[in-house]
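Here the structure is laid out as structure tokens; the discussion comes afterwards.
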There are 4 protein chains.
Amino acid sequence: MASVNKVILIGNLGRDPELRTFPSGGQVANVSLATTETWKDRQTGERRELTEWHNLVFSDRLAEVAAQYLRKGSPVYIEGRIRTRKWQDQSGQDRYTTEIRVDNMQMLGGRGEGGGGNYGAAEAGGQGSYGNSAPAPARQPAAPASAAQRSAAPPAAAFDNGFEDDDIPF
Amino acid sequence: MASVNKVILIGNLGRDPELRTFPSGGQVANVSLATTETWKDRQTGERRELTEWHNLVFSDRLAEVAAQYLRKGSPVYIEGRIRTRKWQDQSGQDRYTTEIRVDNMQMLGGRGEGGGGNYGAAEAGGQGSYGNSAPAPARQPAAPASAAQRSAAPPAAAFDNGFEDDDIPF
Amino acid sequence: MASVNKVILIGNLGRDPELRTFPSGGQVANVSLATTETWKDRQTGERRELTEWHNLVFSDRLAEVAAQYLRKGSPVYIEGRIRTRKWQDQSGQDRYTTEIRVDNMQMLGGRGEGGGGNYGAAEAGGQGSYGNSAPAPARQPAAPASAAQRSAAPPAAAFDNGFEDDDIPF
Amino acid sequence: MASVNKVILIGNLGRDPELRTFPSGGQVANVSLATTETWKDRQTGERRELTEWHNLVFSDRLAEVAAQYLRKGSPVYIEGRIRTRKWQDQSGQDRYTTEIRVDNMQMLGGRGEGGGGNYGAAEAGGQGSYGNSAPAPARQPAAPASAAQRSAAPPAAAFDNGFEDDDIPF
DNA sequence: TTTT
DNA sequence: TTTT
């Protein structure tokens with residue numbers, strides 16, 4: 001059965017990426033990316049805009065590159081796929097978080113880009129195209145400690161849960 | 001600031017689309033689309049697969065076409081953008097649902113496609129490319145009745161909330 | 001019959017765009033965009049790269065924006081479709097030129113970008129997303145003078161030919 | 001420098017793919033894919049349509065799959081990149097041919113698709129997603145015999161030229 | 001003809 | 001939380 005799940009985004013990072021390394025050696029970097037849609041309101045004629053925040057998940061080699069070169073405010077192009085993870089909040093209720101698993105990225109903004117963040121590092125070595133040998137989903141890293149599993153659920157904890165189930169590919 | 005939010009999916013519908021018409025005349029059709037990723041497990045070598053369900057939202061003319069020609073099981077190509085809606089569950093907690101606002105669609109599967117559903121209708125008039133004059137977000141329809149607003153939150157109700165706020169473009 | 005013809009490019013312009021206005025009022029801007037692929041040679045292990053030049057064709061409102069804000073060296077994201085035009089060279093032989101009809105563009109490189117060119121203009125008003133109400137192909141402008149039709153064929157002349165046939169959409 | 005060169009097509013094959021194996025063991029399959037754009041003429045209001053033919057080039061494992069399962073008329077989704085090859089016609093003039101190097105494909109049309117061709121084979125084993133480990137361009141196969149190099153130039157010969165230069169990645 |  |  002034919003299947004395609006592809007996402008293409010260009011936007012700016014809301015924070016510096018957070019890199020985590022797992023006992024297995026796997027690495028993952030999470031960060032939010034903002035895309036902003038603007039249009040003119042048909043009724044009032046005024047300028048409107050709406051910002052969408054995307055939860056990006058970089059893995060393996062891409063995670064390293066993201067952590068090394070991307071900073072808060074960095075403009076970036078990414079290709080990836082949508083993945084919704086199920087987790088349980090404190091009350092045991094099912095909750096869902098949608099993420100973008102990044103398969104390919106391009107740093108944009110050649111000179112001195114980076115918003116309020118210290119993006120200088122990227123100047124040194126940044127620029128270029130990065131990707132995992134994508135199509136084939138890579139092995140997910142073993143989970144970090146997580147007593148929080150079926151309990152607390154701040155966005156950060158939610159992100160971790162995805163790696164608890166050994167059967168779900170990353 | 002440069003911004004791109006683009007999604008491309010090919011998959012099959014999980015149900016017949018549900019068409020709703022609003023007092024304002026606006027129309028919206030919701031339906032889930034499944035994409036399935038398959039790969040060979042690096043450790044065990046066995047075949048693995050993971051199905052992802054996407055909440056599609058068609059509007060205006062596209063909603064009509066979707067409701068008329070698409071059925072449970074219909075294979076379809078869509079282009080759209082990611083949109084996460086915030087809503088409150090019964091306990092008043094913030095919750096989020098990620099949807100794909102469809103900007104363009106192509107019915108796939110020329111002859112007798114449609115899984116278990118009665119996709120025959122599409123045979124009659126179906127096939128071809130459909131899109132709203134996309135880039136500019138269309139006017140969102142006024143909201144249908146909804147005492148449920150900040151309370152109950154089955155997926156369906158959640159879908160409705162997005163149309164309550166007159167200021168959010170569709 | 002299902003059909004999709006979509007191109008997504010990020011690269012830099014090789015020259016300033018050339019804007020032409022037709023008697024009909026239609027406008028078209030042509031410019032080349034370079035994309036560069038790099039990889040490590042499997043045999044020698046050395047760094048390799050290959051640059052591809054794409055003939056972009058902007059029309060109507062997009063042509064104006066491109067001519068006003070883009071310059072030689074400008075980094076840009078574009079979405080469009082592939083179109084191969086047939087024309088005759090001096091000896092009357094059929095020749096073909098492949099172009100990218102741009103449906104959507106995003107200027108990249110926020111601050112002082114623009115390579116060797118005078119990209120300053122873009123700083124003033126540039127930035128943002130531009131598109132024709134794409135899907136529906138716009139009316140092509142009437143052709144400019146062209147005694148050259150079935151004869152000379154420098155790239156420039158070749159570009160003009162596409163607008164000679166009133167029946168071909170732009 | 002940021003660079004993206006991506007093409008997404010859905011259409012039908014004009015012929016059965018031609019598979020060629022090179023002394024080096026490399027394999028390539030060529031085939032044309034038609035995409036059709038339709039629109040309503042703004043002036044006359046009549047239905048118009050334009051068919052575009054794309055030269056697809058599959059390599060290595062993808063070439064095998066294409067040759068085995070795709071047939072004249074087969075509906076297919078492909079992802080790839082644009083590549084324009086330069087060659088010399090009989091008179092020694094430079095000529096260019098634009099191709100789509102396929103990185104990923106999905107066979108569409110589940111039941112009995114295939115136009116006039118014998119697409120049955122696909123029913124047996126067909127369906128599913130196929131791709132080379134894309135991003136990194138694969139080694140190009142050594143060239144087949146070609147006295148025709150700088151002379152004759154039927155489309156087929158033109159296709160071969162790309163593999164003459166050992167330095168150009170596939 | 002661009003960019004790194 | 002970004003960017004304009």
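Naming convention: chains lettered A, B, ... in sequence-line order (proteins, then strands); numbering from 1 in each chain.
- The CG-C1' distance, from A:Leu50 to F:dT2, rounds to 14 Å in whole Å.
- Residue C:Asn12 places its side chain closer to E:dT2 than to any other of E:dT2, E:dT1, F:dT1.
- The nearest pair of heavy atoms linking C:Ala29 to C:Ala63 is N-CB, 3.6 Å.
- At a threshold of 4.0 angstrom between heavy atoms, the contacts of A:Thr35 with the nucleic acid are absent.
- For a distance-only test at 3.5 Å, the side chain of A:Thr51 qualifies as a donor-acceptor partner of the base of F:dT2.
- Between A:Leu56 atom CG and F:dT1 atom P the separation is 17 Å, expressed in whole Å.
- Within the 3.5 Å criterion, the main-chain N or O of C:Thr36 finds no donor-acceptor partner in the side chain of D:Asn5.
- Centre separation under 5.5 Å together with a plane angle under 30° does not hold for the ring of A:Trp53 and the six-membered base ring of F:dT2, so they are not marked as stacked.
- With respect to C:Glu99, the side chain to side chain contact (heavy atoms under 4.5 Å, CB included) criterion is satisfied by exactly one of C:Asn55, C:Ile82, C:Leu56: C:Asn55.
- Taking atom NE2 on C:His54 and atom P on E:dT3, their separation rounds to 16 Å, with Å as the unit.
- When side chains are defined from C-beta on, D:Arg83 counts as touching C:Leu50, because their heavy atoms get closer than 4.5 Å.
- Of the candidate nucleotides F:dT2, E:dT2, E:dT3, E:dT3 has the atom lying nearest to any side-chain atom of D:Met1.
- Rounded to whole Å, atom P of E:dT4 lies 21 Å from atom NZ of C:Lys40.
- Atom OH in A:Tyr77 sits roughly 20 Å away from atom C1' in F:dT2 (whole-Å rounding).
- If you check F:dT1, F:dT4, E:dT3 against the side chain of C:Thr36, the one that comes closest is E:dT3.
- Across F:dT4, E:dT2, F:dT1, the shortest atom-to-atom separation from the side chain of A:Lys72 is found for F:dT1.
- Counting only N and O atoms by type, the side chains of A:Trp53 and B:Thr84 include no donor and acceptor under 3.5 Å apart.
- With E:dT4, E:dT1, F:dT1 as the choices, the nucleotide that has an atom nearest any side-chain atom of C:Ser32 turns out to be E:dT1.
- A straight line from NZ of B:Lys86 to P of F:dT1 spans 12 Å, rounded to a whole angstrom.
- The nearest whole Å value for the distance from the CG atom in C:Asp16 to the C1' atom in E:dT1 is 11 Å.
- One atom, CG of A:Leu108, and another, P of E:dT3, lie 16 Å apart when rounded to the nearest Å.
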